[in-house]
Amino acid sequence: QVQVTESGGGLVQAGGSLRLSCAASGGPFNNYNMGWFRQAPGKERQFVAAISFSGGETYYADSVKGRFTISRDDAKNTVYLQMNSLKDEDTAVYYCAVDSRGSWSPAAYSYDYWGQGTQVTVSS
């Protein structure tokens with residue numbers, strides 16, 4: 001069973017930065033595509049970014065492109081989400097997810113294991 005744990009959320013002013021971390025254990029991390037999603041109150045879970053198992057490919061939602069960067073450190077079984085130029089609309093619970101089947105899709109159903117989420121609040 002793969003376990004996923006996010007950290008790094010918090011309160012930040014608009015225009016500021018945060019870096020989220022996601023540690024995954026219990027499986028061959030370097031075989032997994034990894035993704036970040038977010039969910040704001042009253043809204044559906046939304047794809048944010050993904051990184052391939054090799055780290056050679058990344059994919060971003062249009063709403064975060066140019067502001068967010070996903071990366072991974074296989075030696076630490078960790079994936080990161082660097083968030084810059086944060087906006088009010090980035091406020092949400094951010095979830096890390098594991099794609100163990102190699103789907104390489106932005107659809108949430110393509111991800112098998114999920115963390116509990118970390119809250120990001122952007123104040124203006």
Side-chain angles (χ1 to χ4, degrees):
Q1 182 77 5
V2 177
Q3 296 186 341
V4 181
T5 305
E6 305 96 337
S7 61
L11 175 64
V12 63
Q13 288 191 329
S17 299
L18 276 178
R19 188 177 80 156
L20 305 183
S21 299
C22 168
S25 61
F29 182 80
N30 59 359
N31 284 0
Y32 299 150
N33 300 325
M34 299 293 294
W36 285 97
F37 290 75
R38 66 187 182 187
Q39 189 166 17
K43 295 188 177 181
E44 292 187 354
R45 194 166 294 191
Q46 175 188 43
F47 170 79
V48 175
I51 187 165
S52 64
F53 67 93
S54 68
E57 293 183 74
T58 56
Y59 182 59
Y60 297 93
D62 287 343
S63 57
V64 306
K65 203 172 293 183
R67 299 188 298 121
F68 290 11
T69 302
I70 189 170
S71 61
R72 64 189 297 155
D73 184 343
D74 287 355
K76 296 181 179 179
N77 285 7
T78 299
V79 64
Y80 303 98
L81 186 68
Q82 177 67 43
M83 305 186 295
N84 298 329
S85 302
L86 283 161
K87 306 176 180 179
D88 290 352
E89 52 263 43
D90 295 319
T91 294
V93 177
Y94 282 71
Y95 297 91
C96 178
V98 176
D99 167 19
S100 66
R101 293 169 288 170
S103 300
W104 192 236
S105 166
Y109 61 74
S110 298
Y111 290 78
D112 315 288
Y113 304 100
W114 293 80
Q116 294 298 307
T118 185
Q119 176 71 48
V120 171
T121 303
V122 183
S123 65
S124 55

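- Remark: Asn30 CG to Ser54 OG distance equals 10.5 Å, nearest 0.5 Å.
- The backbone N or O of Ala97 lies less than 3.5 Å from no partner atom in the side chain of Tyr32, so there is not a single donor-acceptor pair.
- Heavy atoms of other residues, nucleotides or ligands lying less than 6.0 angstrom from CD of Gln119 number more than 12.
- In this structure, Arg72 forms a cation-pi arrangement with Phe29, its terminal cationic atom sitting closer than 6.0 Å to the ring centre and no more than 45° off the ring axis.
- Not one N or O on the side chain of Thr78 forms a donor-acceptor pair closer than 3.5 Å with the backbone of Ala23.
- The backbone N or O of Met34 sits nowhere less than 3.5 Å from a side-chain atom of Asp99 that would complete a donor-acceptor pair.
- In this structure, Ser105 contributes its side chain and Ser103 its backbone to no donor-acceptor pair below 3.5 Å.
- No side-chain heavy atom of Ser100 sits less than 4.5 Å from a side-chain heavy atom of Val2.
- Residues Tyr59 and Val79 do not share a hydrophobic cluster, clusters being chains of Ile/Leu/Val/Met/Phe/Trp/Tyr side chains in contact below 4.5 Å.
- For Arg45 and Phe37, the positive end is not near the middle of the six-membered ring at less than 6.0 Å and at most 45° from its axis.
- Connection of Trp104 to Ile70 is not established within any shared hydrophobic cluster, with ILVMFWY side chains joined at heavy-atom distances below 4.5 Å, either directly or through further cluster members.
- Taking the six-membered ring where the residue is Trp, Trp114 and Tyr95 present perpendicular rings, their angle passing 60° and hence far from 30°.
- Side-chain atoms of Arg19 and Gln82 form no donor-acceptor pair, as typed in the model, at a separation below 3.5 Å.
- Residues Val93 and Met83 do not share a hydrophobic cluster, clusters being chains of Ile/Leu/Val/Met/Phe/Trp/Tyr side chains in contact below 4.5 Å.
- Hydrophobic clustering (side-chain heavy atoms under 4.5 Å, transitive across Ile, Leu, Val, Met, Phe, Trp, Tyr) groups Leu20 together with Val12.
- By the 4.5 Å heavy-atom criterion applied to side chains, Thr118 and Ser7 are not counted as neighbours.
- A 6.0 Å sphere centred on CD of Gln13 holds no more than 12 heavy atoms belonging to other residues, nucleotides or ligands.
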Residue pair Arg67, Asp90: steps toward the side chain to side chain contact (heavy atoms under 4.5 Å, CB included) verdict: CA-CA 11 Å; Arg67 299 188 298 121; Asp90 295 319; 2.7 Å; yes
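- Remark: Asp112 CG to Asn33 CG distance equals 10.5 Å, nearest 0.5 Å.
- When atom types are taken as modelled, the side chain of Gln116 and the backbone of Glu6 share no donor-acceptor pair closer than 3.5 angstrom.
- Open room surrounds CZ on Phe53; 12 or fewer heavy atoms of other groups in view lie less than 6.0 Å from it.
- Linking Ile, Leu, Val, Met, Phe, Trp and Tyr residues whenever their side-chain heavy atoms come within less than 4.5 Å leaves Tyr80 and Val48 in two separate clusters.
- Looking at every heavy atom in both residues, Leu18 comes nearest to Val120 through CD1-CG1, 3.9 Å.
- Annotation for Ser21 and Trp36: closest pair O-CH2, 3.7 Å, computed over non-hydrogen atoms.
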Derivation of the side chain to side chain contact (heavy atoms under 4.5 Å, CB included) call for Val64 and Arg38: CA-CA 11 Å; Val64 306; Arg38 66 187 182 187; 3.9 Å; yes
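- For the atom pair OG (Ser124) and CG (Leu86), the distance works out to 12.5 Å, reported to the nearest 0.5 Å.
- With contacts defined as side-chain heavy-atom distances shorter than 4.5 Å, the pair Gln46/Ser63 qualifies.
- Other residues, nucleotides and ligands place more than 12 heavy atoms under 6.0 Å from the OH atom of Tyr113.
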Which is it for Asp62 and Lys65 under the salt bridge (charged side-chain N to carboxylate O under 4.0 Å, His left out) test, yes or no, and what are the steps along the way? CA-CA 5 Å; Asp62 287 343; Lys65 203 172 293 183; 3.1 Å; yes
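- No more than 12 heavy atoms of other residues, nucleotides or ligands lie within 6.0 Å of NZ in Lys43, so this atom counts as exposed by the packing criterion.
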